[in-house]
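Inspection log for the structure reproduced underneath, given as structure tokens.
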2 protein chains.
Amino acid sequence: MASKRVTSHDVARRAGVSRATVSLVLNRSDAVALSQETRERVRRAAAELGYRPNSAGRMLASGSTETIGLIISDAAILPIDGFIPQVLHGIGQVNRERGLHVLLEGRDSSSGPNPYEALVDTRRIDGLIVLNPRSDDEPLRALIESEFPVVLVGSIRHPKEHSVNFSSRAGISAATRLLVDLGHRRIGMVAFAAPGFVAADARVSAVRRALQTHGLTMPDDAVDYADFSAESGYHATKRLLQRQPDLTAIFAGNDTIAIGVMSAAAALGRRVPGDLSVIGFDDLPFSAWLNPALTTVHIDAVQQGALAAEMLIRLLAGKPVDARQVRLDCELVERKSCAGAP
Amino acid sequence: MASKRVTSHDVARRAGVSRATVSLVLNRSDAVALSQETRERVRRAAAELGYRPNSAGRMLASGSTETIGLIISDAAILPIDGFIPQVLHGIGQVNRERGLHVLLEGRDSSSGPNPYEALVDTRRIDGLIVLNPRSDDEPLRALIESEFPVVLVGSIRHPKEHSVNFSSRAGISAATRLLVDLGHRRIGMVAFAAPGFVAADARVSAVRRALQTHGLTMPDDAVDYADFSAESGYHATKRLLQRQPDLTAIFAGNDTIAIGVMSAAAALGRRVPGDLSVIGFDDLPFSAWLNPALTTVHIDAVQQGALAAEMLIRLLAGKPVDARQVRLDCELVERKSCAGAP
DNA sequence: TATGATACTTAACACGTGTTAGTAACGTTA
DNA sequence: TAACGTTACTAACACGTGTTAAGTATCATA
């Protein structure tokens, strides 16, 4: 029974109508030119046979795949950082509601220079979401300019891009004020990725600007660079604290990095928050349960994913979007990893 | 230029051959009945036009989608636990090498009872990987019995299932010996999921058996159940320690739960590892950098995903697999969260 | 009864590919 | 020369669907 696939032809024969009628009944509920009785007969036949339209046939005929692509610009981050899985969850939720499918494509050194071709040019997908895009990604720029529906989670600062991003200002200025109020003056930072990675750079310069508001500076020597993992955060922090031993507070590029920062502090005999205050970024689900509970800037990554998916769906439907670039707010969540400067 | 799609017909015309020849040149390098010169001409024409075969057309004609499905049995876990992203990474790596695509499908309360239909019956995928399958999943059993290529990451104890799983015995018995050697006699556990969840149950009974080897028991009262998140681990641990205040060591169902366990210990004024020893499970990338560094049973989740993907690919190719059920070993990683019993 | 108008249904085409049976040209052998 | 294999290619079909122009009853109206 599973061996013989059921086609619309079988349904048509069983219901005593033509194949066209079957297609009309099943897809176009608005076509009035069909009697209720025929409708019912076709529906019953389809149900009895367990008919499921072949998707390849549909794609070919209709031109729509009912599938969106999802490209993770650096696949290696996926297992290391807690952020992407949340975005992914948000995207998945929306697509499930809408009955869309998600084609997941990771990208790494083994991928060619243009991972979009394989999805777009072969018409496997109707639209695309790109996570953590890099601004030097030329094929991506070309894709955006070609008007193919693309939504970025992140940004490459292209005027025509559609994107969902965070304006970190509110959260970071609140975090900075907290530290200043607690008496901190020498504040450092461990970025979550190397210079050139837009999102990471943006956080560093946002912190710089916020500090300037209070008449403070963060010299280049007070910044070190990690590489997504807690381990890299650990090593970066050790370097940083050796170079700048009198720092009393550290911004971690994100919560995963913050784990490494706190670990390095412990290894160097500094207590958090007594000797060193630490502020994270992201507010991952477990961050409230770390030791000490992490003070961090909360980002609703699930919502970010959901909004990106909804924006893409609007694009696919040809509906206008309110704004090409959406920016979400974030806010400080005070917990236990910050205290008065020593 | 992007508006007019290039078909094999265009390539054929440009190369001065028939469409069939184009298809033969591009897909069947073994077909000797083609002159080198024609081959070259077709290839050049295809390159010049930027020809990419339409995937729907290929699927329909060839019956192969070059896509595998990936079902996450409980989508809500994705953003919470660090395990699935790792498996996902392993699967992605293998598929990227092989040029296969991955269709990601989350499952939650809004999904119907049979999420497989939408992928399998519509022929969207050639094979399927199911993460964290539940043994009461009847449609899944039916799918396995239908001989459709399915590989489980986990197990539902079906004799015909193909699966990649862990034999936790080695790691857990080593962990148990460690605790016993340290003088612990009253040992509890916080499972990572409610009873009925196979993988979680398996770990509980594995720990029970290991303890029995040493003449120890773990009564039902010494086990509590969390629900994947660190937060749930925190609450479960509080319940557990209130019920059994004289426990000196706790097995956490996984590392995420361990974060909650340690947090609850701190909240109850117990120091880890001084007053309470904690052992995790998974060895997530950040676990070595927690405070204290987590002693845990290491599982290579990336490899698990990669093996599952490779097994599925063998099934798709019709090649025999060495064993329907593969079991990977795991080993204890000693760090700082265990110490002598108080 | 002829004439439209209406309600319903279908034949026929389109989507773009992979594959098989078959043809034409060409040389080779009996 | 006729029979025969070999090489290089192609016509024609198959895959399963969505859609539109055209078709056939049915029925009311003049």
Side-chain angles (χ1 to χ4, degrees), chain A residues 3-43 45-46 49-67 118 120-126, chain B residues 3-43 45-46 49-67 118 120-126:
Chain A
S3 60
K4 202 159 274 175
R5 33 187 171 280
V6 182
T7 74
S8 64
H9 188 72
D10 301 327
V11 177
R13 194 170 37 201
R14 174 155 191 139
V17 295
S18 83
R19 220 179 43 64
T21 305
V22 173
S23 175
L24 288 179
V25 170
L26 265 39
N27 300 313
R28 302 262 294 262
S29 52
D30 58 313
V32 253
L34 291 176
S35 72
Q36 273 307 326
E37 195 250 328
T38 305
R39 284 199 140 82
E40 185 50 40
R41 201 147 32 97
V42 170
R43 289 231 175 72
L49 292 171
Y51 169 64
R52 306 277 156 187
N54 177 304
S55 62
R58 298 191 77 148
M59 290 182 202
L60 202 50
S62 70
S64 154
T65 65
E66 300 197 324
T67 304
V120 176
D121 294 354
T122 62
R123 319 236 147 214
R124 261 175 199 279
I125 57 173
D126 295 341
Chain B
S3 60
K4 202 159 271 175
R5 35 186 169 278
V6 181
T7 75
S8 63
H9 188 72
D10 301 327
V11 178
R13 195 172 35 201
R14 174 155 191 138
V17 296
S18 82
R19 220 180 42 66
T21 305
V22 172
S23 175
L24 288 179
V25 170
L26 264 41
N27 300 313
R28 300 262 294 263
S29 52
D30 59 312
V32 252
L34 291 176
S35 72
Q36 273 307 327
E37 195 251 328
T38 304
R39 283 197 140 84
E40 186 48 39
R41 201 147 33 98
V42 170
R43 289 231 175 71
L49 292 170
Y51 170 63
R52 306 279 155 186
N54 177 305
S55 62
R58 300 191 74 149
M59 291 183 201
L60 200 50
S62 71
S64 155
T65 65
E66 301 198 320
T67 304
V120 176
D121 294 355
T122 62
R123 319 240 146 211
R124 260 175 200 279
I125 56 174
D126 295 340

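In what follows, chains carry the letters A, B, and so on, assigned in the order in which the sequence lines appear, proteins first and then strands, with residues in each chain numbered from 1. Remember, it's a predicted structure, so these values are computed and weren't measured experimentally.
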(Q) If you go through the side-chain atoms of A:R19, does one of them form a donor-acceptor pair with the base of D:dT17 closer than 3.5 Å? (A) yes

**Q.** Pairwise 5' ranking along DNA chain C for A:T21 and B:A56, keeping only the more 5' one
**A.** A:T21

Can you tell me the distance, in whole Å, between the [atom1] atom of [X] and the [atom2] atom of [N]?
| X | N | atom1 | atom2 | answer |
| --- | --- | --- | --- | --- |
| A:E66 | D:dG18 | CD | C1' | 13 Å |
| B:D121 | D:dG16 | CG | C1' | 15 Å |
| B:R13 | C:dG16 | CZ | P | 13 Å |
| B:L26 | C:dT19 | CG | C1' | 15 Å |
| B:R41 | D:dA8 | CZ | P | 13 Å |
| B:R5 | C:dT17 | CZ | C1' | 14 Å |
| A:L24 | D:dG16 | CG | P | 20 Å |
| A:M59 | D:dG18 | CE | P | 12 Å |

Nucleotide nearest [X] when distance is taken to its side chain, options [options]:
| X | options | result |
| --- | --- | --- |
| A:L60 | D:dG18, C:dG16, D:dT10 | C:dG16 |
| A:N27 | D:dA12, D:dG16, D:dG18 | D:dG18 |
| B:R58 | D:dG16, C:dG18, D:dA11 | C:dG18 |
| A:Y51 | C:dT17, D:dT17, C:dT10 | D:dT17 |
| A:A20 | D:dA11, D:dG18, D:dT20 | D:dT20 |

Can you tell me if the side-chain N/O atoms of [X] get under 4.0 Å from OP1 or OP2 in [N]?
| X | N | result |
| --- | --- | --- |
| A:N54 | D:dT17 | no |
| B:S8 | C:dT17 | yes |
| A:T38 | C:dT9 | yes |

Q. In Å, rounded to the nearest 0.5 Å, how long is the span from CZ of B:R13 to OG of B:S18?
A. 13.5 Å

Is there a donor-acceptor pair closer than 3.5 Å between any side-chain N or O of [X] and the backbone N or O of [Y]?
| X | Y | answer |
| --- | --- | --- |
| B:D126 | B:S64 | no |
| A:R19 | A:A12 | no |
| B:S55 | A:T122 | yes |

Q: Mind listing the closest non-hydrogen atom pair of A:R52 and B:D121 along with its distance?
A: CG-CB, 3.3 Å

Q. Hey, does A:S23 reach any base, or is it just sugar-phosphate, or nothing, if we go heavy atoms under 4.0 Å?
A. base

